[in-house]
Structure formats: C-alpha cells, structure tokens
Amino acid sequence: MLALLVGALIAVGVAVVLDHFVPRRPPLGATYPDASLPIESRVENLLSYMTLEEKIGQMTLVEKGSISPYDSERYMVGAILSGSGAHPENNTPEGWRTMIGAYQKSAARTRLSIPLFYGADAGHGQGNIPGATVFPHNLGLAAAHDAQLIERIAAATALESRAVGINWLFAPTLDLPRDIRWGRVYETFGDNPQVAAALGAAYVRGTTPHGVLSTAKHFVGMGSMTWGSSTSDTPTYRIDQGKAPADEAALREEYLPPFRAAVDAGALSVMAGLSTWGEEKIAASSYLLTDVLKGELGFNGFVVSDWYGVYEVATSTYDSMVMSVNAGVDMVMLPYDYDIFAREMKRAVERGDISKERVDDAVRRILRAKFSIGLFDKPILPSLSVLGASEHRALAREAVQKSLVLLKNDTVLPISPSTQKIRVAGSAADNTGRQSGGWTLEWQGVEGNVVPGATSILESIKSRAGNTSVEYEANGIFVNKNVADVGIAIVGEKPYAEGWGDTPSPQLSEEDTIAIANLKKSVRTLVVIVIAGRPLIITNELPEWDAAVMAWLPGAEGRGVADALFGDVPFTATLPMLWPASLTQLPVVRGTTANRTLPLFARGFSFPK
Ligand code: BGC
C-alpha cells in the first residue's frame, strides 16, 4: 500500500515536472542559467560543460516526422522543424502545442536541459497553423514599399508562432528574382536589392523582441540561376535549385546587400541556399559562408543548411558533411538520419577531419542565438490567445489594401455607388486557398474555401456591395442575358511552392481566359483582378480589359481587395519588379530586359491617377 502511494506520488511529481518544462539542476557552480549575466559569458560557461556528443546534438536539425521525443532526448538534439505541411495528428493549435511541448519536455530532461529551437516556415504569417492570420506573400508586401508594415507583420507572425511553441522562423526570404518562370518569385521582396534590404531588416527587427529567431534566406545568389539548370531529380524543377554564374559584381551589388542589412539588423540565423554558385554548391562554399558572410559581413549567428542540402555536396554522406561543416555550416537540416549524422560527426572529429575548434565555433553560434532570444529565460509556451487575433487580421487587411497595384483604369474604378449590377467570374473569385498561395496549411498550398477564418474576394464584394446586386458564375456564363454594369473577373494561378511552380509559360490558364471572354459578353465594363505569385504574360489580353489590378497572393483577407475596388481606400502600391511583355525578355537583370526591348510595365509602375 505504502509502495503504491509512493509510486503515485512520484508519478504525480514527474507529471508536474514534465508539464512545466522544469530544467534539471545545472552542474555545480554553473552560471549559465543566470539571466543577469552577459550572453557571451553564459555561452562560454555552458559550452565548458558540454561533451562532444552534446555539442553534436546542438548542430542537429531533424524533421519532426523522423524523430520521436524519446530519441530527441537520447541524441540531445538541438533543433526540430516541421517541414511545410508537417502537422501533428491533431492538427489544431492545441495539438501543435502538445506536440512541440513533448519535444521541449524531452530537452528539459537532458543533462544540461538546453531548450530546443522549434523551426517552421513563415513566409506569410504562420500559415502552417489552422486559424493563424494569413498575410499577403512577400512580393505583394514589397509593392506596398512600407518597412513599418513589414515590421508589424513580422511581430504578429512571431507572436502567433510562439503561441504554439514555434520559436524559430525560416523567414525572411531575401532572394532576388530575375526570371518569372521560377516558382519562388512570390516569396521574394522583388528584384530591387535596396528594397529587399530595407524590408528584410524590418522583418528581423519585428521578430526579435518577441522571443523568436528569424532566418535570412537563402544565402546567396538565389534568383540568379539559369533557366534549365536545376540540379534537382524532380522533373518539374527547371530553375529552382539551379546554377547561378559566379558573378562577383552581381554578388556584391545585388545579392549581398539584403543579407548585410539583415545581419546589421541583428539576424542570428542565415540559411544556405540549395543552388550552385559557379561550380560550387552553396553549402560547400567556404568562400561564401566563412569568408564573405562570417568574415566580411561580421555575422556572428549560425548558418543552417537547407533541406538535405548538405548531402548534395559530394557522393558520400561522410564527405558531404565534412565539406559543409568545414565550409561554415553550423547546423545541419538533415532532415532525416540523425543517428548517422551523430555517428559520422563523432568519427570526423576523432579523425581530425573536422576540428574541435570548428565544432566549438558552431555550437557557440547556436547557443548565442538561443540565449539572445531568451530561450532559457522566457516561458516555452506563452498564451494561445494571440493566434488569429482580430488586430492581426485587421493588419492583414491593411496589408492587402496597400499591396494592390492598379495596372490600368479606363474610368471603371472605383466602382460607382450607382452601379445596379455586378457580375463576378473566374477561378480565383471564390477560393481562399488560391488567394493564399503555396505554404498555406500544406507545402503546395490548398484549393477551395478551406483556409480557416479567411474571406474570399467574392464574399467580400458581396458584403460591400450593399444594394448593388452581385451575381457569380465561375465560368462567366450567365443565364440571364441582361447586361450588367460591371464585370469583375478574378483569375489566377493554382497554388504552388518551390520548383513545382517552375513553368515555361507563366500566363493565364485556358479556363480563366475563357471565363473572361464569357463574362465580357454580358457586362458593359470589365475589371480583371490577377491573383498570382508573379507577373504573368498578359500582353495580348490587356487591351481587351477596361481595368486591371495586380493583387498578388493576398492571403486570407479578401476584404482588402473589395475595400479598394469600391474606393474606401486608394490604390497606392507600385510594381516591385519589372513586368515582362514576353518571354524573350527573360532574364531581367538590374531592371533591364534580356533583349533590351521595353517591358509591359517597368519596375515602380502604377497606373497614373
Ligand atoms: C526550402 C526552404 C525551407 C525549408 C524548410 C526547403 O525546401 O528551400 O526555404 O525553409 O524547405 O521547410
């Protein structure tokens, strides 16, 4: 009986301890838990207690689907990530907290109780979590040219991420696109290095005060790859993960400035890209990672490799790992085989292929970032209440309003209050998945009205139209043959991400072209709203339209589009990149088309008021 009672008491005690992430008692005399000490002294103190195995653990980043909390404790893993779309079985905010909490409890049980980084992408809010605020993707935000806006969005994203335990964001993207055929154009802040620098730095400034680490990515030269040069095995990849010429002038004038600005703003994590610079994979380039980034730019945070990137360097996993770590990768996004990594890293250090000093340097950088965001000092799981908060949704709506670029307007917009009837058509009219794009709930995004809490553009038009009648047919064919005053075609790209979005022909789909033609037959004036992750080739279609708006990938707040259509707010955004008239103008280098002919619209364009 007594034994049972003691057993029960121990069980309760353990449960309480686990539930509160209580760290183990630190080694006698250790000072690193003391939050009043300078970060550098805490780092050195903790490092002095660590075994080689513990140090290797800190350099390990594993995808959550590949590792249990039990093994994460056994291998003393330093960081876990959810690849985009990798959610817990119970895919609710609570389910996320429980999942991440279980890994943090494992970390608390290790000898030194070093808390984990839990990383996830956050290109447009914390789009992984059902119910989180989904902001416009970066290219639209860049059209707003408003660093303050980005800083506020980054802060909201940090708060919503941390509410479920995500304390490390794989954002902002600082790549500079040159070719609209690339599937990652919408993740960027456009092709102007100064704009990317200002907005990227604003993002970094926005996250840090909220105990969340941002990641400037993808170092470096991403966007300058040549069409057809992809080294990926996936056939749809044509330019993503491709080869960029090792152009030193382009590196210094275009590709480095955004990273320099992010580092100066306090970025403590930089992701090495999956592309090739000249003949060298970025993850193996000690010139780029160590000489330029850590040396010249004075970056004292850590370099994390991208998904499996380290293993694309050489033919054997051992050689790949040795080359990348020696080149300057500090934490390896494996993302799978942590046991092989632990074994091979140990062997490499024992054989002298990787020096103990290099390991210490890597771990020092990782711990510095952990201390800097208060990971040892702040609650692991703060309150959930900020997730999808109404003020964040209002901010997203404001961001949509400020991102819409008016391309053409033959006196149609704003829609007059005397309008009797509006007809709406197009594949993106009633589709919150499409308006949110890739990296929303799933890596490749979702189709249909399935984004929790989102408002479609059709719904927004209906609720703003008041007494004006609004009819909708996706294909633009209306049974009633009376002509309406205004037709609004909302057309655009299916969601995609990374190389799955590489396409030889960025243009409107046949389905949308037909819907526009159908709608045009039954309306007096036609407005076309383009929902897309990049400028599309619309040179032949544009003369047929009375007004055109580029809405990019606006995210969950379709209401922001209706606000501008009805004149509640003005159109203020300008193009963040050049809009080509034809594919023969690609690639666009420093704002100039390849064949030096005039684009459809220059960078900075918006329809004159
Ligand atoms: C992408 C990164 C992303 C990572 C983790 C990779 O495929 O290139 O941008 O952060 O996956 O999801």
Side-chain angles (χ1 to χ4, degrees), residues 60-67 79-87 96 117-129 137-139 157 161 166-177 182-189 196 200 203 207 212-223 225 230-234 236-242 244 258-259 262 267 269-277 281-283 302-313 324 329 331-336 437-445 495-502 533:
T60 308
L61 171 57
V62 195
E63 211 287 323
K64 67 102 188 155
S66 302
I67 190 164
I80 309 270
L81 84 146
S82 270
S84 190
H87 51 74
W96 277 82
F117 274 135
Y118 197 100
D121 291 283
H124 61 150
Q126 193 36 262
N128 293 290
I129 315 289
H137 271 289
N138 282 350
L139 193 57
T157 304
S161 300
I166 295 170
N167 51 27
W168 182 22
L169 309 180
F170 303 137
T173 294
L174 302 180
D175 308 335
L176 299 172
W182 186 30
R184 305 197 76 164
V185 172
Y186 66 84
E187 295 182 57
T188 75
F189 288 121
Y203 193 99
T207 56
V212 174
L213 188 73
S214 55
T215 305
K217 68 182 192 181
H218 307 82
F219 194 80
V220 64
M222 281 263 291
M225 304 83 69
S230 179
T231 57
S232 161
D233 298 335
T234 314
T236 52
Y237 280 55
R238 304 295 308 282
I239 182 167
D240 192 39
Q241 299 185 20
F259 286 93
S269 152
V270 166
M271 190 185 289
L274 292 171
S275 54
T276 304
W277 184 255
K281 281 280 185 187
I282 306 276
F302 68 96
V303 173
V304 59
S305 54
D306 198 350
W307 192 270
Y308 203 70
V310 151
Y311 293 120
E312 290 166 355
V313 163
S324 302
V329 169
M331 185 190 281
V332 179
M333 193 191 292
L334 293 161
Y336 315 111
W439 305 95
T440 310
L441 300 174
E442 299 292 339
W443 179 38
Q444 295 299 320
Y496 55 80
E498 302 192 36
W500 292 96
D502 288 355

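Counting convention: from 1, in listed order, for ligands and their atoms alike.
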Students should be able to answer this: which protein heavy-atom is nearest to [atom], and at what distance?
| atom | answer |
| --- | --- |
| atom 11 (O) of ligand 1 | Asp306 OD1, 3.6 Å |
| atom 9 (O) of ligand 1 | His218 NE2, 2.7 Å |
| atom 7 (O) of ligand 1 | Glu498 OE2, 2.9 Å |
| atom 5 (C) of ligand 1 | Asp121 OD2, 3.3 Å |

| query | Is the His124 ring parallel, tilted or perpendicular to the His137 ring (thresholds 30°, 60°)? | reply |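 Aromatic pair His124/His137 classed parallel.
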| field | Atom indices of ligand 1 within 4.0 angstrom of Lys217 heavy atoms, with elements | value |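 Reading through ligand 1 atom by atom, the close ones are 2 (C), 3 (C), 9 (O), 10 (O).
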| task | Go through ligand 1 atom by atom and flag the ones less than 4.0 Å from a non-hydrogen atom of Phe170. | result |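 The list of qualifying atoms is 10 (O).
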| query | Within the structure, does Glu187 bring an N/O atom to less than 3.5 angstrom of an N/O atom in ligand 1? | reply |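 No, no N or O pair falls under 3.5 Å.
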| query | Okay, side chain of Ser230, backbone of Ser232: is any donor-acceptor separation there less than 3.5 Å? | reply |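 Judged by distance alone, yes, a pair lies under 3.5 Å.
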| field | Point-to-point distance, once rounded to the nearest 0.5 Å, from NZ of Lys217 to CG of Asp175 | value |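 Nearest 0.5 Å value for the NZ-CG distance: 8.5 Å.
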| task | Kindly write out the residues that satisfy side chain to side chain contact (heavy atoms under 4.5 Å, CB included) with Arg238, not counting sequence neighbours, or none if the list is empty. | result |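 For Arg238, the residues satisfying side chain to side chain contact (heavy atoms under 4.5 Å, CB included) (neighbours in sequence not counted) are Trp227, Asp502.
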| said: Let's go through Gln126 and Leu169 carefully: what are the C-alpha distance in whole Å and the side-chain angles of both, what is the deciding distance for side chain to side chain contact (heavy atoms under 4.5 Å, CB included) to 0.1 Å, and is it a yes or a no? | reply: CA-CA 9 Å; Gln126 193 36 262; Leu169 309 180; 3.9 Å; yes
| Backbone, side chain, both or neither: what part of Arg184 comes under 4.0 angstrom of ligand 1, heavy atoms only? |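 The side chain, only.
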| field | Lys281 with Asp306: basic N within carboxylate O range, under 4.0 Å | value |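 No, this pair does not count.
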